[in-house]
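To keep things clear, I will list the structure first and then write my remarks on it.
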Amino acid sequence: QVQLVESGGGLVQPGGSLRLSCAVSGSFFRVTDMAWYRQTPGKERELVATITGGGYTNYADSWKGRFTISRDNAKKMVYLQMNSLKPEDTAIYYCKYGSTYWGQGTQVTVSS
């Protein structure tokens, strides 16, 4: 069974930074693609960034240049570094393992 636990969310002022973390329990983490998604009230969950087991990354256009996804295979962790945060980045951010497993989400609020 795979479990994911996100952390690192919170309240930050516009222009600030946060780093989200996702701790993963799962036997095949090293070869599993990971992703961060976000969701705002009344909207579909949307993809923010992906990273393959080999470390190749891809970003949705809205977050290119401001967000960075990374992983530490030895620690079974995935990170999302978020810089130059804007109020519209406010959302619940979810970690996803492969195509099936989701974490519980962590709230990010960008507000002055």
Side-chain angles (χ1 to χ4, degrees):
Q1 184 70 12
V2 176
Q3 292 185 325
L4 300 90
V5 179
E6 298 101 332
S7 60
L11 174 64
V12 63
Q13 293 188 339
S17 297
L18 280 176
R19 189 176 82 152
L20 305 183
S21 299
C22 176
V24 182
S25 67
S27 300
F28 300 103
F29 178 77
R30 288 178 180 269
V31 296
T32 301
D33 296 347
M34 300 293 300
W36 285 97
Y37 283 71
R38 50 168 266 161
Q39 189 169 25
T40 54
K43 293 192 176 180
E44 296 279 328
R45 202 169 288 190
E46 57 184 333
L47 177 66
V48 175
T50 62
I51 186 166
T52 67
Y56 291 100
T57 60
N58 195 29
Y59 299 88
D61 288 344
S62 298
W63 296 285
K64 275 182 186 174
R66 292 195 300 122
F67 289 10
T68 302
I69 189 171
S70 61
R71 65 192 293 160
D72 184 330
N73 285 341
K75 295 181 179 179
K76 292 188 177 180
M77 296 289 294
V78 180
Y79 305 100
L80 186 68
Q81 178 67 44
M82 305 187 295
N83 298 328
S84 302
L85 284 162
K86 306 174 182 180
E88 51 264 42
D89 294 321
T90 295
I92 299 174
Y93 286 76
Y94 296 91
C95 182
K96 187 179 182 184
Y97 175 99
S99 60
T100 307
Y101 297 97
W102 294 90
Q104 82 288 351
T106 185
Q107 175 72 49
V108 172
T109 302
V110 184
S111 175
S112 56

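Along the sequence shown, the residues carry numbers beginning at 1. All values below come from the heavy atoms of this structure, side chains included, with hydrogens, waters and symmetry mates left out.
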- [ ] Check the pair Y79 / I69 against side-chain contact (heavy atoms from CB on, under 4.5 Å), numbers first and verdict last.
- [x] CA-CA 6 Å; Y79 305 100; I69 189 171; over 6 Å; no

Task: From CA spacing to verdict: salt bridge (Lys or Arg N to Asp or Glu O under 4.0 Å), K64, D61 - done: CA-CA 5 Å; K64 275 182 186 174; D61 288 344; 3.2 Å; yes

Task: Stepwise side-chain contact (heavy atoms from CB on, under 4.5 Å) check, V108 with T90 - done: CA-CA 5 Å; V108 172; T90 295; 5.8 Å; no

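At least one cation-pi condition fails for R45 and Y37: the charged atom is not both under 6.0 angstrom from the six-membered ring centre and inside a 45 degree cone around its axis. Stacking of R66 on the aromatic ring of Y59 is not recorded, the 6.0 Å distance cut-off and the 45° axial limit not both being met.
Remark: the backbone N or O of Q3 is paired with a side-chain donor or acceptor of S25 at under 3.5 angstrom. Side chain of T52 to backbone of G55: a donor-acceptor contact under 3.5 angstrom is found. The backbone N or O of T106 sits nowhere less than 3.5 Å from a side-chain atom of E6 that would complete a donor-acceptor pair.
Listed here is the closest heavy atom pair of A35 and T50: CB-CG2, 3.8 Å. Nearest heavy-atom pair, S112 versus P14, reported as atom, atom and distance to 0.1 Å: N-CD, 3.7 Å. Contact between W63 and V48 at its shortest, heavy atoms only, is CE3-CA, 3.9 Å. Residues V12 and L18 come closest through the heavy atom pair CG1-CD1, 4.0 Å. Pairing each heavy atom of F29 with each of D72, the nearest pair is CE2-O, 3.8 Å.
With Y101 as reference, L4 is the one residue of V24, L4, T32 to meet the side chain to side chain contact (heavy atoms under 4.5 Å, CB included) rule. Checked against M82 for a side chain to side chain contact (heavy atoms under 4.5 Å, CB included), the options L20, T68, D89 give a single hit: L20.
S17 and N83 share a side-chain donor-acceptor pair at under 3.5 Å.
Cluster membership check: V5 does not share its hydrophobic cluster with W36, using side-chain heavy-atom separations under 4.5 Å among Ile, Leu, Val, Met, Phe, Trp and Tyr. L80 and I92 end up in different hydrophobic clusters when Ile, Leu, Val, Met, Phe, Trp and Tyr side chains are linked at under 4.5 Å.
Q104 contributes atom CD, which lies 8.5 Å from atom SG of C22 (distance to the nearest 0.5 angstrom). Between atom NZ of residue K75 and atom OG of residue S21 there is a gap of 10.0 Å, rounded to the nearest 0.5 Å. The CD atom of Q107 lies 10.0 Å from the CG atom of L11; values are rounded to the nearest 0.5 Å. Residue S62 holds its OG atom at 9.5 Å from CZ of F67, rounded to the nearest 0.5 Å. Annotation: the span from R38 atom CZ to E46 atom CD amounts to 4.5 Å, rounded to 0.5 Å. Y94 contributes atom OH, which lies 15.0 Å from atom CG of L47 (distance to the nearest 0.5 angstrom).
Within 6.0 Å of CD in E44 there are 12 or fewer heavy atoms belonging to other residues, nucleotides or ligands.
Between C95 and M34 the shortest side-chain heavy-atom distance falls below 4.5 Å.
The residues K96 and D33 are annotated as not salt-bridged, no charged nitrogen and carboxylate oxygen being separated by less than 4.0 angstrom.
In the hydrophobic clustering, where aliphatic and aromatic side chains (Ile, Leu, Val, Met, Phe, Trp, Tyr) are joined below 4.5 Å either directly or transitively, Y56 stands alone.
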